[in-house]
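Side-chain atoms are counted along with the backbone in the values below, which use heavy atoms only and exclude waters and symmetry mates. Only a predicted model underlies this, so the values are computations on that prediction, with no experimental measurement involved.
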Amino acid sequence: MKDSNVDLFDPLTIMDSDLSPSGVAGGSVSDSDFAFAFNDSNFSDRLLRIEIIADLPESKGDGEGCNSIADWARNRKRRREEIKKENAVDVHHEEQILNCNMPDTEDGVAYENQDEEAVAMIEESPPGVGINLSQHGDEAGHSSDSSWGMDCSTVLKVKTLHISSPILAAKSPFFYKLFSNGMRESEQRHVTLRIHASEEAALMDLLNFMYSNTLSTTTPTALLDVLMAADKFEVASCMRYCSRMLRNLPMTCESALLYLDLPSSVLMAEAVQPLTDAAKQYLAARYKDVTKFQEEVLNLPLAGIEAVLSSDDLQVASEDAVYDFVLKWARIHYPKLEDRREILGSRLGRLIRFPYMTCRKLKKVLTCNDFDTELASKVVLEALFFKAEAPYRQRSLAAEEASSSYRRFVERAYKYRPVKVVEFELPRQQCVVYLDLKREECLNLFPAGRVYSQAFHLGGQGFFLSAHCNMDQQSSFHCFGLFLGMQEKGSVTFAVDYEFAARSKPTEEYVSKYKGNYTFTGGKAVGYRNLFGIAWTAFMADDSHYFINGILHLRAELTIRQ
């Protein structure tokens, strides 16, 4: 019954952009303003009796006394612990009255059956006897042992409201089932809900919303309380309203992590998805430069680190650095090897883009004890196959994953550009290095920029390529230059023969542009300031011979001199 009424009474086709600031969609009957009928006997057919019991000792209302999101979260955590203790009491009575507590979860995992979380009671005479709907078969939901904690709390006060069952049923599958399940009890005029004092304000705000489609509250903590109440009573339109209001408020790292940790259910996930997406985007943007905020990122919980590592714009030296960082985080948060292997295999491993790691680092993955052996072999093999693919095929694989959650074939904005390397040991120690640069990357080099490649190795020594936009010393115009450098490592000297080449039209074959030899010492670089012998404007022109489908293909061949 739930599925058949969500589309009818709360159309998902109404997008946020279609709603006015008050949340009312023009022309929609289901979103009409019935505020005038709230608690008015003239427009009501039932009485809602709300029994309010005391919160457990030392417990404040979720939003009461909370000056920040952190206070709200701490109170929520305390309430979770208290409710778990309360539900552990197993006192059997013939008359069963269950709490109608706000839905709470442990570690962000919600109960699957929402019907068990919000329990209503249909009154018969005498009014103190309550009937639990979940006892009456599948129509009212499948009960579980965990929902049968007895409550002997004293009722502090009672609120009685005049309600319109059509209005509540139109907004909420919970109330729709309550009023239309065909049982004798559903025909009674009196309905009783029992809640804690901390839930009173949120429930009243929710009921008001179901009539008026708007909320008077605007603080983050109050909106979160209403959102939680709306989730329990399945008022999807209110969840979306709260989600939209929270997105419009200034976000902090604290609030973003809280939004990612909201209890989730089938209905909840859809309703708050834009809010959780905004939280992920905030964290990804805030911690884009991981090295700058390394300590903060290492302290993030799992949901936070996943949001950061999912970003294509992560500013890291290379995917090797991402791999090292993930291992460091996992070892801190999951000191037990078994737990660490589980979280790397099921969650974090998917966020490492192994195809963009260097072959040297991929070899270390195969021997890393933190990864399951079978998983390590699978991801390394997949990465090597990707590296062997033709560039157009690599772009095709990346495009296929553009809308996927796990974008292992999509290249990030690395500080050091990935390279392909072919190594030879015989007859001489030699390597051939391929570096591809996009036209936009070259364009961004003007007027004096440079971009570096990832390190590659020859004879146990690390080297790199760097592309520059610089001034031609003779002609005094900007031009494209390519250089070969050796990573600084002691006072080692290395004699190398090298050759630079680039693909060019019309043959699209690699054409040699510069040959030389150089005896390297640590930190030195050698190359050619004007690789193509033309001005920068000619190099970047639309009819340039050197960009093939928007890509500049460069090759460097290095040989150790005997």
Side-chain angles (χ1 to χ4, degrees), residues 285 288-293 311-321 356 411-421 433-456 462-489 496 498-505 510-558:
K288 183 163 65 173
D289 190 342
V290 175
T291 55
K292 184 178 178 182
F293 299 100
S311 173
D312 295 342
D313 299 322
L314 202 62
Q315 292 181 354
V316 287
S318 66
E319 197 66 27
D320 288 4
Y356 290 98
E411 191 174 333
R412 301 188 203 265
Y414 301 114
K415 293 179 182 177
Y416 302 124
R417 304 297 303 139
V419 291
K420 290 183 179 181
V421 183
V433 184
Y434 297 89
L435 172 65
D436 293 346
L437 297 176
K438 299 175 184 176
R439 180 184 285 272
E440 305 84 67
E441 291 174 316
C442 294
L443 193 62
N444 291 335
L445 294 177
F446 186 85
R450 61 185 62 186
V451 61
Y452 295 94
S453 78
Q454 292 179 358
F456 53 91
F463 291 87
F464 62 90
L465 295 173
S466 61
H468 297 225
C469 176
N470 39 230
M471 294 292 292
D472 184 279
Q473 291 178 324
Q474 295 180 346
S475 307
S476 296
F477 54 70
H478 289 90
C479 54
F480 180 87
L482 185 63
F483 294 83
L484 171 67
M486 188 174 82
Q487 291 182 316
E488 193 163 358
K489 194 173 184 181
V496 175
Y498 63 93
E499 178 182 4
F500 294 153
R503 288 188 189 273
S504 63
K505 300 174 183 177
Y510 280 103
V511 177
S512 177
K513 291 297 179 182
Y514 188 73
K515 288 184 179 181
N517 57 74
Y518 189 72
T519 300
F520 285 93
T521 57
K524 299 294 183 179
V526 65
Y528 200 58
R529 295 181 65 85
N530 190 350
L531 184 67
F532 302 112
I534 57 176
W536 182 265
T537 51
F539 166 66
M540 292 300 304
D542 291 339
D543 60 353
S544 172
H545 294 302
Y546 300 106
F547 287 97
I548 301 171
N549 296 322
I551 304 293
L552 173 66
H553 301 272
L554 301 171
R555 185 185 72 189
E557 186 174 319
L558 284 69

Asker: Report the distance from atom OH of Tyr514 to atom CD of Glu499, rounding to the nearest 0.5 Å.
Answerer: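 Between Tyr514 OH and Glu499 CD, I get 12.0 Å after rounding to 0.5 Å.
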
Asker: So which atom in Cys442 and which in Leu552 form the shortest heavy-atom distance, rounded to 0.1 Å?
Answerer: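 Shortest heavy-atom separation between Cys442 and Leu552 comes out as SG-CD2, 4.0 Å.
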
Asker: For Ala455 and Gln487, which heavy atoms make the closest approach, and how far apart are they?
Answerer: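 It is CB-NE2, 3.4 Å.
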
Asker: Please round to the nearest 0.5 Å and tell me the distance separating atom CG of Leu435 and atom CZ of Phe456.
Answerer: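 Spacing of CG (Leu435) from CZ (Phe456) equals 9.0 Å.
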
Asker: Are the side chains of Thr291 and Lys415 in touch, meaning some heavy atoms are under 4.5 Å apart?
Answerer: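 In short, these two side chains touch, coming nearer than 4.5 Å.
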
Asker: Using the benzene-type ring in the case of Trp, are the ring centres of Tyr416 and Tyr414 under 6.0 Å apart?
Answerer: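 When the ring centroids of Tyr416 and Tyr414 are compared, they turn out to be at least 6.0 Å apart.
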
Asker: Determine the minimum heavy-atom distance between Arg412 and Arg417, stating which atoms define it.
Answerer: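 Nearest pair, atom of Arg412 first, then Arg417: O-NH1, 4.4 Å.
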
Asker: Would a line drawn from the ring center of Phe463 to the ring center of Phe520 be shorter than 6.0 Å?
Answerer: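 Yes; Phe520 has its ring centre under 6.0 Å from that of Phe463.
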
Asker: Starting at CZ of Arg555, measure out to CZ of Arg503 and round the result to the nearest 0.5 Å.
Answerer: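 Rounded to the nearest 0.5 Å, the CZ-CZ separation comes to 8.5 Å.
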
Asker: Which pair of heavy atoms, one from His478 and one from Cys469, lies closest together, and at what distance?
Answerer: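 That closest heavy-atom pairing would be CD2-SG, 4.0 Å.
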
Asker: Between Phe480 and Phe532, does the ring centre distance come in under 6.0 Å?
Answerer: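 Aromatic pair counts; centres sit under 6.0 Å.
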
Asker: Return the CG to NE2 distance between Asp543 and His545, rounded to the nearest 0.5 Å.
Answerer: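 The CG atom of Asp543 sits 7.0 Å away from the NE2 atom of His545.
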
Asker: Under a 3.5 Å distance rule, please check whether Asn530 uses its side chain to pair with a backbone N or O of Ile534 as donor and acceptor.
Answerer: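 Pair found, side chain donor or acceptor close to backbone of Ile534.
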
Asker: Can you tell me how far the CG atom of Leu531 sits from the CZ atom of Arg529, to the nearest 0.5 Å?
Answerer: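 Going from the CG atom of Leu531 to the CZ atom of Arg529 covers 13.0 Å.
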
Asker: Drop me the distance from Lys438's NZ to Leu443's CG, to the nearest 0.5 angstrom.
Answerer: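 That separation rounds to 13.5 Å.
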
Asker: Looking at every non-hydrogen atom in both residues, tell me the closest pair between Tyr498 and Asn517 and how far apart they are.
Answerer: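 Residues Tyr498 and Asn517, closest heavy atoms: CE2-N, 3.6 Å.
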
Asker: Ring centroid separation for Tyr528 and Phe500, is it under 6.0 angstrom?
Answerer: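 No, the ring centres sit 6.0 Å or more apart.
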
Asker: I need the minimum non-hydrogen distance between Ala541 and Arg439, along with the two atoms involved.
Answerer: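 That closest heavy-atom pairing would be O-NH1, 3.6 Å.
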
Asker: Counting N and O atoms only, with roles assigned by atom type, does the side chain of Ser466 sit under 3.5 Å from a partner on the main chain of Tyr452, one being a donor and the other an acceptor?
Answerer: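 Not confirmed, Ser466 side chain does not pair with Tyr452 backbone.
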
Asker: Are Tyr510 and His553 packed together at the side-chain level, in the sense that at least one heavy-atom pair is separated by less than 4.5 angstrom?
Answerer: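 Of all side-chain heavy-atom pairs linking His553 with Tyr510, at least one is under 4.5 Å.
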
Asker: Checking salt bridge (charged side-chain N to carboxylate O under 4.0 Å, His left out) for the pair Lys515/Glu557: CA distance, chi angles, key distance, verdict?
Answerer: CA-CA 9 Å; Lys515 288 184 179 181; Glu557 186 174 319; over 6 Å; no

Asker: Taking the side chain as every heavy atom from C-beta outward, state whether Leu554 and Lys513 have any atom pair closer than 4.5 Å.
Answerer: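 A side-chain contact under 4.5 Å is absent here.
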
Asker: Quickly, which of Leu465, Asn444, Leu445 forms a side-chain contact (heavy atoms from CB on, under 4.5 Å) with Val451? Name it, please.
Answerer: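 Filter result, single survivor: Leu445.
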
Asker: Looking at Phe446, Trp536, Phe483, which one forms a ring pair (Phe, Tyr, Trp, His ring centres under 6.0 Å) with His468?
Answerer: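 With His468 as partner, Phe446, Trp536, Phe483 yield a single ring pair (Phe, Tyr, Trp, His ring centres under 6.0 Å), made by Phe483.
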
